[in-house]
Amino acid sequence: MSEIAPASVVEKPPAPPRPWTGERIAGAVLLGLWLLCGIGLVAYLVAAWKPELFQRYLPYYLSGLGVTLTLVGLSIVFGALLSVPIAWMRLSQNRVLGGLAYVYVYFFRGTPLIAQTFLIYYGLGSFRPELQALGLWTFFREAWYCAILAFTLNTAAYQAEILRGAIESVSRGQWEAASALGLSKLQTLWKIVLPQAMIVALRPYGNEIILMIKGSAIVAIITVYDLMGETRRAYSRTFDFQTYIWAAIIYLAIVELLRNIVDWIERRITVHLKR
Amino acid sequence: MKTTTRLALALSAAALVLTVGASHAQDRMKIRIGTEGAYPPFNNLTSAGQLEGFDIDIARALCEEMNAECEFITQDWDGIIPALQAGKFDAIIASMSITPERSEQVDFSKKYYNTPPAIAAPKDTDITGVTKEALAGKTVGAQGATTHFNFSEATYTDSDIRAYPTAQEYQLDLANGRLDAVNDDVVVLSEWLATPDGECCKIVGTITPVEEIHGPGAGIAVRKGETELADRFSQAIDAIRANGKYQAINEKYFDFDVYGG
């Protein structure tokens with residue numbers, strides 16, 4: 001078509017001036033401090049590096065990591081399943097159902113995970129005859145099952161609230177419009193409300209998984225040897241603080257990986273919202 | 001703080017030598033003593049929150065002997081050595097066995113008692129001994145980060161070994177049947193078995209201590225290099241054994257000699 005006259009080319013605006021303000025200097029100094037800390041940590045680990053320590057405890061750390069990931073993975077999945085009826089009860093108009101779900105969430109969010117785990121393992125353990133009569137002792141006898149139960153019940157409370165909040169964030173009008181088009185309640189929930197709610201819920205879900213990974217470090221009190229338990233064991237043998245630093249680095253790596261996965265999912269599912 | 005303690009220590013030691021105990025009152029040193037408070041009958045908290053037990057009485061007698069003013073600080077077992085190293089207290093009197101691993105981190109006085117470890121199990125148990133074979137396939141509990149746990153892990157390789165934060169938790173699990181047996185000091189086990197909670201269980205047998213794991217007995221731990229303080233504790237142990245105070249405390253808690261051979 002027609003040629004563009006060279007005169008119509010718009011000059012690129014000049015880069016805005018970036019003076020060294022007080023804030024910028026403070027920022028650079030802080031960043032420098034963090035960098036120094038990081039370099040110091042790496043230097044310490046290099047200096048404190050003991051191949052025999054690594055060789056001896058690496059298998060323990062790996063088995064502990066496996067326990068942590070399995071425990072959190074299973075609890076998050078079971079918790080997600082359990083959170084659906086709880087969220088539904090929380091959203092229901094029925095006062096009794098709503099009240100029950102409210103009390104459940106109130107209790108599990110309001111008390112520490114360590115207390116819940118302790119109560120389920122040692123507390124219920126003292127009711128052995130009653131549990132045996134009900135045929136539940138084989139379940140409660142095992143620390144592993146008790147840990148999964150405690151973590152599932154805890155995360156279900158949080159996940160139910162995430163789900164409820166996300167569903168409530170979708171405006172009432174969507175339900176009404178779907179109803180006007182003749183869609184059933186379930187169809188509306190599945191095809192219209194949930195796809196929008198999940199975008200809202202993604203970040204809190206990611207946070208919940210991260211919190212569970214870190215929260216699971218208390219499980220050694222009921223004799224389940226997770227990453228933290230193995231770390232404490234290694235420390236009690238060596239009295240070497242780098243055992244804890246290694247554990248911190250492993251936890252940090254898991255959390256960083258999870259954060260990136262959540263970011264990636266979010267980019268994928270919000271493509272239609274980007275301009 | 002550290003230097004003042006050291007200085008006080010050196011001064012009081014010098015004063016002791018020079019005056020041969022002529023003026024005790026002037027150089028009363030202060031010692032902060034760390035203990036666990038969850039290991040009856042050696043050290044535990046009463047329902048009123050007061051420390052009591054054999055370790056505590058021995059510590060008081062030693063302090064009196066050393067003419068020192070002592071303050072007790074309770075600390076979880078897991079972190080008791082790091083807390084000593086960090087200067088939260090100056091000595092550990094908490095039934096800590098003198099082991100080679102710990103000796104790399106802290107200095108010890110001589111032993112102040114030595115009792116054998118033992119295995120306890122429910123009264124109707126089919127466990128007949130304390131050997132590896134006798135406990136094969138069984139679930140055995142012990143307090144984590146103790147010589148007993150290390151011994152169990154090293155010896156009962158065919159058993160499932162569980163680590164508990166304190167003695168109270170493995171006691172609960174032995175009583176409710178989650179554990180087939182537990183490994184701890186015979187005195188600690190006997191004390192628990194004598195209470196209503198311990199009715200479920202009995203001592204199966206005592207274990208011959210293994211020098212590399214159990215060490216020569218329980219000693220008083222001080223920070224690495226503070227050998228003067230460790231020596232003063234050792235001298236005080238000899239002194240209370242010579243003047244009968246040790247025997248009086250021994251009799252208050254036990255009907256046998258806990259000092260051991």
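Each chain gets a letter, A, B and so on, in the order its sequence line appears, and its residues count up from 1.
The CG atom of B/Asp197 sits 10.5 Å away from the OG atom of A/Ser126 when rounded to the nearest 0.5 Å. Taken from CZ in A/Phe239 to CD in B/Glu104, the straight-line distance is 9.5 Å, to the nearest 0.5 Å.
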A/Cys146 and B/Arg178: CA distance, side-chain angles, deciding distance, side-chain contact (heavy atoms from CB on, under 4.5 Å) verdict: CA-CA 12 Å; A/Cys146 288; B/Arg178 281 194 182 115; 4.1 Å; yes

Stepwise side-chain contact (heavy atoms from CB on, under 4.5 Å) check, A/Phe118 with B/Glu169: CA-CA 10 Å; A/Phe118 203 91; B/Glu169 278 97 21; 3.7 Å; yes

A/Tyr122/B/Asp173 under side-chain contact (heavy atoms from CB on, under 4.5 Å): CA gap, chis, key distance, verdict: CA-CA 8 Å; A/Tyr122 293 111; B/Asp173 267 5; 3.9 Å; yes

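Judged purely by atom type and a 3.5 angstrom limit, A/Arg233 has no side-chain atom pairing as donor or acceptor with the backbone of B/Ala163.
Contact tally against chain B (heavy-atom pairs below 4.5 Å) for A/Phe241, A/Phe140, A/Tyr121: the top residue is A/Tyr121.
Sparse packing is recorded around OH of A/Tyr102, with 12 or fewer heavy atoms of other residues, nucleotides or ligands lying under 6.0 Å away. For CG of B/Asp76, the number of neighbouring non-hydrogen atoms (other residues, nucleotides, ligands) closer than 6.0 Å is 12 at most. Annotation: A/Trp49, atom CH2; neighbour count of heavy atoms from other residues, nucleotides and ligands within 6.0 Å is above 12. Atom OH of A/Tyr106 has 12 or fewer neighbouring heavy atoms from other residues, nucleotides or ligands inside a 6.0 Å radius. Within 6.0 Å of OH in A/Tyr244 there are more than 12 heavy atoms belonging to other residues, nucleotides or ligands. Few gaps surround CD on A/Glu52; more than 12 heavy atoms of other groups in view lie less than 6.0 Å from it. Around the CH2 atom of A/Trp144, the shell of radius 6.0 Å holds more than 12 heavy atoms that belong to other residues, nucleotides or ligands. Counting non-hydrogen atoms of neighbouring residues, nucleotides and ligands closer than 6.0 angstrom, the CZ atom of A/Arg232 reaches no more than 12 such neighbours.
Looking at B/Gln168, there are no atoms closer than 4.5 Å to chain A (heavy atoms on both sides), in backbone or side chain. Of the two parts of B/Gln105, only the side chain, counted from C-beta on, holds a non-hydrogen atom closer than 4.5 Å to a non-hydrogen atom of chain A.
No side-chain donor from either of B/Asp78 and A/Tyr235 sits under 3.5 Å from a side-chain acceptor of the other. Residues A/Arg141 and B/Asn176 bring no donor and acceptor atom of their side chains to less than 3.5 Å of each other.
Between A/Tyr225 and B/Phe149, the ring planes are parallel. Angles under 30° get that label, and only those over 60° would be called perpendicular.
The shortest heavy-atom contact between B/Asn150 and A/Arg237 is OD1-NE, 2.9 Å.
When each of A/Thr223, A/Ile221, A/Ile222 is tested with B/Pro165 by the rule side-chain contact (heavy atoms from CB on, under 4.5 Å), just one qualifies, namely A/Ile221.
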